[in-house]
*Asks:* 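Take a look at this one; I'll ask things after.
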Amino acid sequence: MNQPESQQRRPTTVVKTLLDVLAVFVVFALLGAWPTPDVNEAHYLTKARHFWDPSWCERDLFLSSGESHVTYYATFGCLTRFMSFDAAAWCGRLLGWLMLAVGWRHLSFAFAPKLGLAAVTGACAFALNQQFQMSGEWFIGGIEAKVPAYAFVFFGLGDIFQNRWNRGLLALGGGAAFHVLVGGWSIVAVAVAWLFDTRRPSLVSILPGLFGAAIISLAGVLPGLALSRGVDAAALAEADQLYVFRRLAHHLWAVDFLPKFGLRHLALILSWAAICSITPVDEAGRRLRWCVATAILLAVIGTAISYASPVSTPWAARLLKYYWFRLSDVAVAIGVAMELARAATQSRSSEKLRIAAIVALAFFATYGAVRVAQAHFSEVRPRSERIDDAATYDNWIAACRWIRDNLPEDAVVITPRSFTTFKWFAQRAEYATWKDVPQDARSLAAWMERLNDLYGVDGGTGGWVNYVPHQQLLAASRKHGATHVVTYANPPLELPELYRNNSFVVYQIVQP
């Protein structure tokens, strides 16, 4: 008995979908396969290991501070229990890229349902995000909390743009569970799109999705709220100002980054607006445009707050800590990629517009791939570590591994202030570094106190332990429990040497 035609087509459709997802996965993997650890992997995965094993580096201030991404640590972080950091990073990356591929293909297919096109739109959006962002936000790279968060957001947007509101809202809640700001701002953008949608579903009809999203997002919201629990208003205000205006101004305070990167992002926004003005639009397209417009509006609000506070003020810090600019960095790039894909595939597009859109898609996708390929072939060291040459980096790893194999497990080591990979390689507690900033107010203040005690309030030693006055080094070590130092070989410190190579020396701190 012959099967109905619809049943015959179903296996073929599933296979084509899987191949389409595989194509996106391969593109994302090629674009994000940087040497480990990538920019934030040493930050997130060491924190994840401590989450699962609090006895590991238990004297490290950053690792012992408040947890802001519990869902990520509880899921992806469990990899650190069974494998090395490098293996955990690669396994996490593969899973994260697969999640992104599923979400991105679902989103792209909602606008341009053509097999193979999702891989092109993904490469195009990546290139636009990399070259035209202004506050440093990205979605393809190493594994950290925002990677699965964006995967859920992409899938949720794909559902909502196809009128599957309840399932889409649940997916957005999943995004907020992994990263409360990525998911939260996306929910705000969708809410605006719903509000201005002339064919929006009734509020009653989407209540199940809203309720479910609220429950799921608590996994991200509650840990965030706990970071300031029990802290008085004055201490919280001081921590906010430190976080916004000193440590993360390059992400949060437009006065810091807009003069350098604002014009290029504005160019992308104007390009998006120009494409929208000449591209036919349907219901899904209108919803996407409202989401992108909302992201731009949030960035405008953040800019207004920033320039209303050209110096550090408590009220601006209280507002700016919520990352007003991150959604625009990604959303406008997505908007341009999707508008080009729609123009290239819609029958209502003129022939000239279709050709121009195809050329633009191909150009940005190829440009992004070529730039990343050049970087991959020229860079053998992780992007996360600020070491200029391969020999010095190898010496750094050698020093860290000596520490791992020879220092007691309860050692607390003073390391170069700007380095990021010490715990990854040495697996010992660290005094304090600029990268590993705690998220909770109490630990944030303690972190700043440690840096100030060692390097001076004005950072006059440039973050080099070698130039810290000897008595100042001993006093900071005594106050905060540091037992050893690893730093550059020259100039030498007045401390007993335990290990030396051509670049770095490990010292033992001996109090008088």
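Residues take their numbers from the sequence shown, with the count starting at 1.
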*Asks:* Check the side chains of N501 and Y499 for a donor-acceptor pair under 3.5 angstrom, ignoring hydrogens and angles.
*Replies:*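 A pair is found: one side chain offers a donor N or O, the other an acceptor, under 3.5 Å apart.
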*Asks:* Identify each donor-acceptor pair in which a side-chain atom of residues 393-405 lies under 3.5 Å from a protein atom, sequence neighbours left out, and give them as a table.
*Replies:*
from	atom 1	to	atom 2	distance (Å)
N395	ND2	A391	O	3.3
N395	ND2	S503	OG	2.8
W396	NE1	T421	OG1	3.0

*Asks:* Indicate the atoms forming the closest heavy-atom contact of G122 with F28, along with that distance.
*Replies:*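 So the two residues come closest at CA-CE1, 3.8 Å.
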*Asks:* My understanding is that only one of W447, F419, F62 makes a ring-ring contact (aromatic ring centres under 6.0 Å, His included) with W434; could you say which?
*Replies:*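 The passing option is W447.
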*Asks:* Looking at R326 and Y323, what are the two nearest heavy atoms and their distance?
*Replies:*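 Distance-wise, the nearest heavy atoms are NH1-CD2, 3.5 Å.
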*Asks:* Take atom CD in Q511; do more than 12 heavy atoms of anything else shown fall under 6.0 Å from it?
*Replies:*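 Yes, the 6.0 Å shell around CD holds more than 12 heavy atoms from other groups.
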*Asks:* Could you tell me if the ring centre of W424 sits under 6.0 Å from that of F85?
*Replies:*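 They qualify: ring centres under 6.0 Å apart.
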*Asks:* Test: side chain to side chain donor-acceptor pair (under 3.5 Å). Region: residues 178-187. Which pairs qualify, not counting sequence neighbours?
*Replies:*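 Counting only pairs at least two positions apart or across chains, no side chain to side chain donor-acceptor pair (under 3.5 Å) contact touches residues 178-187.
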*Asks:* State, to 0.1 Å, how close G32 and W97 come at their nearest heavy-atom pair, and which atoms those are.
*Replies:*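 Between these two residues, the closest heavy atoms are O-CZ2, 3.3 Å.
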*Asks:* Could you tabulate the donor-acceptor pairs under 3.5 Å formed by side-chain atoms of residues 436-443, not counting sequence neighbours?
*Replies:*
from	atom 1	to	atom 2	distance (Å)
D436	OD1	H43	ND1	2.9
D436	OD2	K423	NZ	2.7
Q439	OE1	Y243	OH	3.3
D440	OD1	G66	N	2.8
D440	OD1	S443	OG	3.0
D440	OD2	S443	N	3.0
D440	OD2	S443	OG	2.9
R442	NH2	G230	O	2.7

*Asks:* Which heavy atom in M134 sits nearest to a heavy atom in A299, and how many Å separate them?
*Replies:*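 Closest heavy-atom pair between M134 and A299: CE-CB, 3.8 Å.
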*Asks:* With sequence neighbours excluded, what pairs up with T420 under the side-chain hydrogen bond (donor to acceptor under 3.5 Å, both in side chains) test?
*Replies:*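 For T420, no residue satisfies side-chain hydrogen bond (donor to acceptor under 3.5 Å, both in side chains) once neighbours in sequence are set aside.
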*Asks:* Could you tell me whether the side chain of T36 and the main chain of D86 form a donor-acceptor pair under 3.5 Å?
*Replies:*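 Pair absent, no side-chain N/O of T36 close to backbone of D86.
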*Asks:* Check whether T121 reaches the backbone of A118 with its side chain - one donor and one acceptor, N or O, closer than 3.5 Å.
*Replies:*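 Here the side-chain-to-backbone pair exists.
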*Asks:* Under the salt bridge (Lys or Arg N to Asp or Glu O under 4.0 Å) rule, collect the residues that match up with R500, sequence neighbours excluded.
*Replies:*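 Counting only residues at least two positions away or on another chain, R500 forms a salt bridge (Lys or Arg N to Asp or Glu O under 4.0 Å) with E497.
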*Asks:* According to the side chain to side chain donor-acceptor pair (under 3.5 Å) rule, which pairs have a member within residues 67-76, sequence neighbours left out?
*Replies:*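 Passing the test, one end in residues 67-76: Y44-H69.
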*Asks:* Holding to side-chain hydrogen bond (donor to acceptor under 3.5 Å, both in side chains), I want the full list of residues that pass it with T487, two or more places apart in sequence or in another chain.
*Replies:*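 Expected list: N466.
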*Asks:* Show every side chain to side chain donor-acceptor pair (under 3.5 Å) that has at least one partner inside residues 219-240, sequence neighbours left out.
*Replies:*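 Qualifying pairs: D240-K321.
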*Asks:* H50: which residues meet the side-chain hydrogen bond (donor to acceptor under 3.5 Å, both in side chains) condition with it, sequence neighbours left out?
*Replies:*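 With sequence neighbours excluded, H50 shows a side-chain hydrogen bond (donor to acceptor under 3.5 Å, both in side chains) to no residue whatsoever.
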*Asks:* Give a yes or no on whether the backbone of V486 and the side-chain of T415 come within a donor-acceptor separation of less than 3.5 Å.
*Replies:*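 No; zero donor-acceptor contacts below 3.5 Å.
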*Asks:* For atom CD of E409, decide whether the heavy atoms of other residues, nucleotides or ligands shown that lie under 6.0 angstrom number more than 12.
*Replies:*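 For E409, atom CD is not crowded (no more than 12 foreign heavy atoms under 6.0 Å).
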*Asks:* Any side-chain to backbone donor/acceptor pair from S217 onto A214? Under 3.5 Å, distance only.
*Replies:*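 Yes; at least one donor-acceptor contact below 3.5 Å.
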*Asks:* Applying salt bridge (Lys or Arg N to Asp or Glu O under 4.0 Å), can you list everything that pairs with R428, at least two apart in sequence or on another chain?
*Replies:*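 R428: no salt bridge (Lys or Arg N to Asp or Glu O under 4.0 Å) contacts found.
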*Asks:* Quick check: does any side chain N or O of R59 sit under 3.5 Å from a backbone N or O of D410, one acting as donor and the other as acceptor?
*Replies:*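 Answer holds: yes.
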*Asks:* Going by side chain to side chain donor-acceptor pair (under 3.5 Å), name the pairs with one or both residues in residues 309-319, residues two or more places apart or in two chains.
*Replies:*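 Counting only pairs at least two positions apart or across chains, the side chain to side chain donor-acceptor pair (under 3.5 Å) contacts touching residues 309-319 are Q241-S312, S309-T313, T313-W315.
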*Asks:* Quick check: are there more than 12 heavy atoms from other residues, nucleotides or ligands sitting under 6.0 Å from OH of Y307?
*Replies:*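 For Y307, atom OH is crowded (more than 12 foreign heavy atoms under 6.0 Å).
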*Asks:* Sequence neighbours left out, what pairs pass ring-ring contact (aromatic ring centres under 6.0 Å, His included) with at least one residue falling in residues 215-238?
*Replies:*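 Sorted result for residues 215-238: empty, none.
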*Asks:* Just by modelled atom types, is the I143 backbone N or O under 3.5 Å from a matching donor or acceptor in the E41 side chain?
*Replies:*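 Here the side-chain-to-backbone pair exists.
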*Asks:* Check the side chains of Q130 and Y367 for a donor-acceptor pair under 3.5 angstrom, ignoring hydrogens and angles.
*Replies:*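 Their side chains do not contain a donor-acceptor pair, so the 3.5 Å distance test is not met.
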